[in-house]
Amino acid sequence: DKFQDKFPPADFLQIHSPVKQNHVTSEKDLAQMFLHRLMMLDYRVRYIPVKSDSQTEGNHPKPVQVIDITDEDFSNLGAFTEQTHLHPMDVQMAVFHCSDSFLKQMMITKLSQCQYALPLLVPDPVTMEIECPLWTFRQITKTWKVTEDGSNIVTMKSVPVCKAQTPLVSFFRLGSLSVSKSQLMNTLINDRHNTFFHRNCPGSTKSRYLMDGVAEIAWYCPAGKPNDAFNDCIAFCNLHGDALLTEKRRDILIEKSSINIILFASLQKHEESQSFISGLFKSRKPLICLCVDDDRDVVKTTTGQYIIGLKDRSQSDVSEELKQIIREVLSVDGSSLKPSFQLEMMAEVSGIRVDESVLACQRGKSAAMIIMDLIKKNNMDVSKLKDEFLPYRGDLWHQWSKIHKELYHLRGDIENEKCKKQQQLMNIRQKQCAASCSKLMELFIESLSSLPLTDKQYFLKWIQILIDDLSTDELSSVLQSYDKKWSEVLALKNKCNKSDVLSIKQTELEEISRKLQSATFGLEHIFREMGQIYEAHRAIEGESRHTDWSKYPELAAQLMISGHPMELMDGDAGHVPLTWISSLLEEVIKKLGDQTVFVLSVLGVQSSGKSTMLNTMFGLQFAVSAGRCTKGVFMQMLKVSEEMKKDLKFDYLLVVDTEGLRALELEGNTTHHHDNELATFVVGLGNLTLINIFGENPSEMQDILQIVVQAFMRMKKVNLSPSCVFVHQNVTDVAAAEKNMEGKRRLLEKLDQMTKLAAEEEFSSAECFSDIIEFDVQKDVKYCAQLWEGSPPMAPPNPGYSESIQEVKNTILSKASKSAGITLTQFKNKVQDLWSALLNENFVFSFKNTLEIAAYRKLESQYANWTWALRSNMLTIENQLHNRIENGNLDKVEANYLKKESHETHETIQTEMTTYFEEDKDKEILAQWRGRFETKIKDFLKRKLDEVIQQKKAREKLDDEKKEFEDKLLQKSKELAQQLKDKANDEEELNQQFSSVWSDWVTELTADTKPVEDINLKEDQFIILKELGFEETLINERKQNGRYKDIYNSKTKKTQHKSHSALSWNEQQEIRLLIDKADKQSLDAIKDKPVATRGYTQTHLHEVAKNVKEEVKNFPMIYNLKKEFTVDLILYVFDRAESWLLDSQKKFKMNTDALTYLESKKTQFYTVFRSFCKESSSAVVLAELICEKLKASIVEAVCNKTAIGLAGEMRCNFPAFNGNRLNLEKHVLKSLAENENFNDFITYIRNPRRQTKAFIKAEVEKYIFIDHRDKTVNILKKNVDDVNSLMSQALSTATQNVQSQGGDIKMWLKEFSSLLKDELTLHTISSQNFSDINDFEFLKEEIKKRLNSIIEQTSSLSLGKLKESRLKPDEILIDQLCKCCWVTCPFCAAVCTNTIEGHSPDDHSVPFHRLSGIKGWHKRGTVEFSVNFCTTNVASDGRFYPHHNSEKSVPYKLYRTAGPEYANWRIIPDESKLAYWKWFVCRFQNQLEGYYKYKFQGRGEIPSEWKKIPKDEAIKSLDEILSF
């Protein structure tokens, strides 16, 4: 089926289930198993046994067939033989025929690595047309060493096999023979390896279907040693099957060969053989005839042909004779005798089809050849090609990288220096853009964009092949001179006396190293150029969708998805092109979706077999040869196959491979720092890091281990937790368990030792390796056998190597199965985070974990939603309970009751939290905060209703008296009405009479209760100040001049609070902070007092005044502050507390003072009295009394419900209020910029909480009274309707229940009030004065009649009434949004943006800081403002004074040691990109100078670039806060 629909490589380059055994259970699985094991370089792939499961389980041999046989049956013995399995070479050829040309190429490359012969001429199984699969050879390069005849000069050659010009020796068989031709050929090439499959190989069968007529080729490559069979490379070709039957292929080979070797039985037996051989004898081409039935020794004819008999001779003797003859023939001078064979020339042979002739390949090659012709046009030196054709990625990019790194190590005038560097970077980008895109790049991009997929694949392969050809010659000569120089340096190093010669040689070595660097030219350099063209244009022109360069990331993304490696870090510039990488990954995400990847990072010393290991393990096509080691960091994606998705929780494996640590060519011109940087980068990126160690050289091991340990230690410090696996390659005896245990013990000792060393450098307390990473030395250390079985270049790969690699792969997949991986977006962010941190000197200090920050910000938004759900639920419960308490239906609010009422909401939130913490894709990151957030939610429930309970308790005595008071007042009203009923229509007389007796009634009723006295705060303040030791005259003078009310501003006048000289601005700032502190502490202390429930006492103010005096006394000023200041500050605090105290005392009086309560009821009882006068029935009087009592309650209920509804509406739909703290911050700053009010800015800088509250208040007012007035009115009306419905329902239900049960008025009142208990307040009404009511229907109608007018009045309520209600929307939202952290940065006053108030142990942090001049920082001893951002300062070598009067300065890098206010801030170095505050200082420069009395001059001059920032750009830059 697959013959027409060919296998592509993509099917096999996926992550498949690991292979558990070396056999298959069905022939259907042979192809899959063959390819899998071939990819793993297991040369035993040729014979894969087919066993049934039953055979496998017990490991029983196949049962022997027993047959009954007689003499006459002997002739028919053949009938009993049966072929039980496929011929191994048929399996190979079947897979070959069913593969597409790219998989064929991969397969043939792997067969070549296994040192197997490769198909050269292949008959099509259907049409029998002969094909030469030239394309499949294109990736093979052969390396050998030539020894010149008669001398010891050895020259190394490395040539693509298609281009190699070698003699060809072809073997043919005539007829059927008892001797194996292939086996004999193997003895010439490698007598310990079956290069050509023969009849004695395992699995061989008599019949084969796809091998007859196939010509296979193999090369003998000498190692430059005395025991080489031949001095130079020779190609050997083997035509399978009877040469007499394959005339066309035989003739082609005879024509192309330098020597033909024919095997036949004997000339006498076969006429056809005879005539064929005699024809060859006549041609005079070197010929060797091997006669199987002949026993003669070597015979040479006069024409130079040889005949050898094979009968009764050992194969080794024949082999030696053949080698001797071939050497002799080939060493004869005269080119006619040894025409060179070149694979490429097969394309010119008529009668055969070359696979490269397919149209797609031709189109791909043509496109590549146009580029190659351009490159070769001027016959330019390879090292100059890159500068000529790839100008962007050359010196300009290297300069850009260098300056960009300098941005993180600024000195002196930092912000101006930074602006200069940023301008230099833009200039370089402009130069890059000016160096227009080269013709080569135009052609390359054109082909990538326009060619169909298959053509494009061919095109890229061709480009790689052709460019490699170009630089191979130059590379090998440079490599040879490098090897030679390196040996000289080593020899000199080993000598005791170090001489000047050594340093000269080292300089020469560095020079060769630079040549080596410039001689490398590959596809990666073209992609690098693409990246730089994109980055340069993007920097200058901004984002665009309609230019050529804007399509580059998409083109690269297509290649990356198809498995092409992409460069992550440029090895030559030592820099990550972040803009290019980000755009590339964004395009990959657009095409695939935000797929999950498991990142496997690989580290290892250069030439340690790392890339070969990855190639073997996953079939990855990283560059492998020693001369062209991967330079930089590359990433490659591998899809997880469908069958593996059940075991793995990710979609792709993303392999990150490095250029190799301690690379030889980098030694000298880079340092230990380069290796650390590289290791930290790849270890940080990986979910798992594979550390590859080659051999057991302790010094090499020590170098890499130290680097790796340090990288892991840094990861632990920044909360990243990758795992690791160590792979020991090239270990001599993998099987020796004891030796391995010893090796593991030594490795662990080394790791522990390195941990202690690294701990000193990284200031860590780690003692051993397992302190910094989860590591099990038994499971996480793997040993790999040597790669080659014997000595290269002819050695095949060791099957033990393949098995070891399979085991490592299984370990990786097993570890990967426990991880969920990360999304591509998270990977992109991680690249940015790690690289940004690495640019700074101190990685740990500079690392900004975007994944963690994003997870925390998302959690904050969730927390805001959960607390809001709880808060709105609690507000409703609180409202209901408030009414129950007011109605006297609830004496005690139990915590359990609260839990019960809020149980449903609480359970829902609890479930949501559990789901969120356990199922979110970031659950591992979230785990660290889970406990803290759950506790916060529980605490939130407890706090809310304590105050209501306290108030109820305070009112208990009065509540008990109310009923008695009301009974008596009703009785007295009734009695008075009896006396005055004849004056019922004289309203004035009635009012006068009622008023005259009312005060007597109240006096009489309250005779036994002590009234609550009014408080005189002014007098108390005076007494307290005197008690604290201040003179009476001073107190009076300070009170009278009233300056204390403006203490914030009046203190700046020159000598007011300080003797001798004026206060400096810094001292003023310190005093401002003192006032803020005293104000906040005092108000908090007073608000904690139970004034509303227990009443005011003088001690409340006394305690506050005493604390303020103490604060002033302890204030660290050079000069003592005057007494006047202390008195002013205490008076200021008193003044600020006054309104709260008076309000609270008023509540207390209302709750506990009988006199106040009764006075408030006068209107109510006058109404009742008037009704009695008019001789209204008891029902009418009661109806009036009930409606009078409900009137205020209805308004309050409607306003409260409206407040809760509006707050909920704004919390969900108003952009500023519906996110986390950062979102609110953004909107506050936006509003400040839009209004451009300097005083508001200063309030925000000095007291951000106050400004934020003002913002919320203003926005709520605007929303309710202006922007959404109609909506507010509708909400209010709906709530009025709800209350009306509730009342009507309560009236009907109470009346119905009483009538059906024959109840009285007492029962009716109880029923009615219980139905209202949750929504409205109805204070108890005594029933004894209305015992005569029995027409409840009439009562109901009377109440309804009066209620309708109350409802009507309420419907047309002024919205302003909302401001007077118990619950106010702005206060509800302030309570929700301002319960967060308000600590400000000690340098720049930026506010910590954590949503949770007490978020310890997490540090305070903010995404973007500001320039510290905003807070008044300046250079000591000058009037120069500081224009540096603290995020830049903390990475610099500068120093600062923690306080204006500090004597010692502190290095910015150690800012946390400067005192408690600095210690808990995490300030991460960045490039201070936020334009907002730069715009602010330019816009308000004069006002800032006037306010702080400093100047933006000298080193504090505002950089000119800042002045170009317009307001809209400043506001737009605030979006970066949220994208963070």
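Computed over heavy atoms, backbone and side chain alike; hydrogens, waters and symmetry mates excluded.
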Ring centroid separation for [X] and [Y], is it under 6.0 angstrom?
{"X": "Tyr1476", "Y": "Phe1480", "answer": "no"}
{"X": "Phe1387", "Y": "Tyr1452", "answer": "yes"}
{"X": "Phe598", "Y": "Phe650", "answer": "yes"}
{"X": "Phe1238", "Y": "Phe1241", "answer": "no"}

Kindly say whether [Y] contributes a backbone atom to a donor-acceptor pair with the side chain of [X] at under 3.5 angstrom?
{"X": "Asn687", "Y": "Gly821", "value": "no"}
{"X": "Asn1235", "Y": "Asn1237", "value": "no"}
{"X": "Arg1456", "Y": "Trp1465", "value": "yes"}
{"X": "Asp1079", "Y": "Ile1075", "value": "no"}
{"X": "Glu535", "Y": "Thr579", "value": "yes"}
{"X": "Arg1410", "Y": "Ala1389", "value": "yes"}
{"X": "Thr1457", "Y": "Leu1454", "value": "yes"}
{"X": "Asn1223", "Y": "Pro1215", "value": "yes"}
{"X": "Tyr1492", "Y": "Ile1414", "value": "yes"}
{"X": "Ser1231", "Y": "His1227", "value": "no"}

Which atom of [X] lies closest to which atom of [Y], heavy atoms considered:
{"X": "Leu685", "Y": "Lys830", "value": "O-NZ, 3.8 Å"}
{"X": "Ala1207", "Y": "Leu1373", "value": "O-CD2, 3.8 Å"}
{"X": "Gly686", "Y": "Pro722", "value": "O-CB, 3.4 Å"}
{"X": "Ala1233", "Y": "Glu1236", "value": "O-CG, 3.0 Å"}
{"X": "Trp1479", "Y": "Ala1514", "value": "CB-CB, 3.5 Å"}
{"X": "Cys1385", "Y": "Lys1415", "value": "O-NZ, 3.8 Å"}

Is it the case that the side chains of [Y] and [X] hold a donor-acceptor pair, with the cut-off being a distance below 3.5 Å and no angle test?
{"X": "Asn1213", "Y": "Glu1209", "result": "yes"}
{"X": "Thr823", "Y": "Gln595", "result": "no"}
{"X": "Arg538", "Y": "Ser550", "result": "no"}
{"X": "His404", "Y": "Gln422", "result": "no"}
{"X": "Ser819", "Y": "Lys649", "result": "no"}
{"X": "Ser1426", "Y": "Ser1412", "result": "yes"}
{"X": "Asn1428", "Y": "Asn1433", "result": "yes"}

In the structure I gave you, are the side-chain heavy atoms of [X] and [Y] within less than 4.5 Å of one another anywhere?
{"X": "Ile822", "Y": "Thr596", "result": "no"}
{"X": "Val576", "Y": "Phe681", "result": "yes"}
{"X": "Thr1432", "Y": "Pro1469", "result": "no"}
{"X": "Asn1464", "Y": "Val1383", "result": "no"}
{"X": "Glu1371", "Y": "Gln1376", "result": "no"}
{"X": "Pro1369", "Y": "Met1210", "result": "no"}
{"X": "Val1434", "Y": "Lys1453", "result": "no"}
{"X": "Lys1226", "Y": "Asp1519", "result": "yes"}

As an exercise, state the distance from [atom1] of [X] to [atom2] of [Y], rounded to the nearest 0.5 Å.
{"X": "Cys419", "Y": "Trp1506", "atom1": "SG", "atom2": "CH2", "value": "6.5 Å"}
{"X": "Leu1232", "Y": "Phe1255", "atom1": "CG", "atom2": "CZ", "value": "8.5 Å"}
{"X": "Gln1487", "Y": "Asn1239", "atom1": "CD", "atom2": "CG", "value": "9.5 Å"}

Check: Given the rule in the ring pair (Phe, Tyr, Trp, His ring centres under 6.0 Å) test, do Phe1425 and Phe1496 qualify, once you have shown the distances and angles that lead to the verdict?
Finding: CA-CA 5 Å; Phe1425 265 119; Phe1496 287 104; 4.3 Å; yes

Is it true that, when you exclude [X] itself, more than 12 heavy atoms of the residues, nucleotides or ligands shown sit nearer than 6.0 Å to its [atom1]?
{"X": "Lys828", "atom1": "NZ", "value": "yes"}
{"X": "Lys1271", "atom1": "NZ", "value": "yes"}
{"X": "Lys1262", "atom1": "NZ", "value": "no"}

Margin query: Any carboxylate oxygen within less than 4.0 angstrom of a Lys/Arg side-chain nitrogen, looking at Lys1516 and Asp1512?
Written below: no

Next item on the list: Carefully, step by step, assess Lys1368 and Ile1372 under the rule side-chain contact (heavy atoms from CB on, under 4.5 Å).
Entry: CA-CA 6 Å; Lys1368 300 175 181 67; Ile1372 292 171; over 6 Å; no

Margin query: side chain to side chain donor-acceptor pair (under 3.5 Å) for His1443 and Glu1461? Distances and angles first, verdict last.
Written below: CA-CA 11 Å; His1443 304 101; Glu1461 68 268 46; 2.6 Å; yes

Item checked: Step-by-step ring pair (Phe, Tyr, Trp, His ring centres under 6.0 Å) determination, Tyr1263 to His1268 -> CA-CA 5 Å; Tyr1263 187 92; His1268 297 85; 4.0 Å; yes

Next item on the list: Mind running ring pair (Phe, Tyr, Trp, His ring centres under 6.0 Å) on His1409 and Phe1429 for me, showing each step along the way?
Entry: CA-CA 7 Å; His1409 285 259; Phe1429 281 69; 9.2 Å; no

Next item on the list: Using the six-membered ring of Trp1382, assess whether NZ or CZ of Arg1221 lies under 6.0 Å from its centre and within 45 degrees of the ring axis.
Entry: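 So Arg1221 does make the cation-pi contact.
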
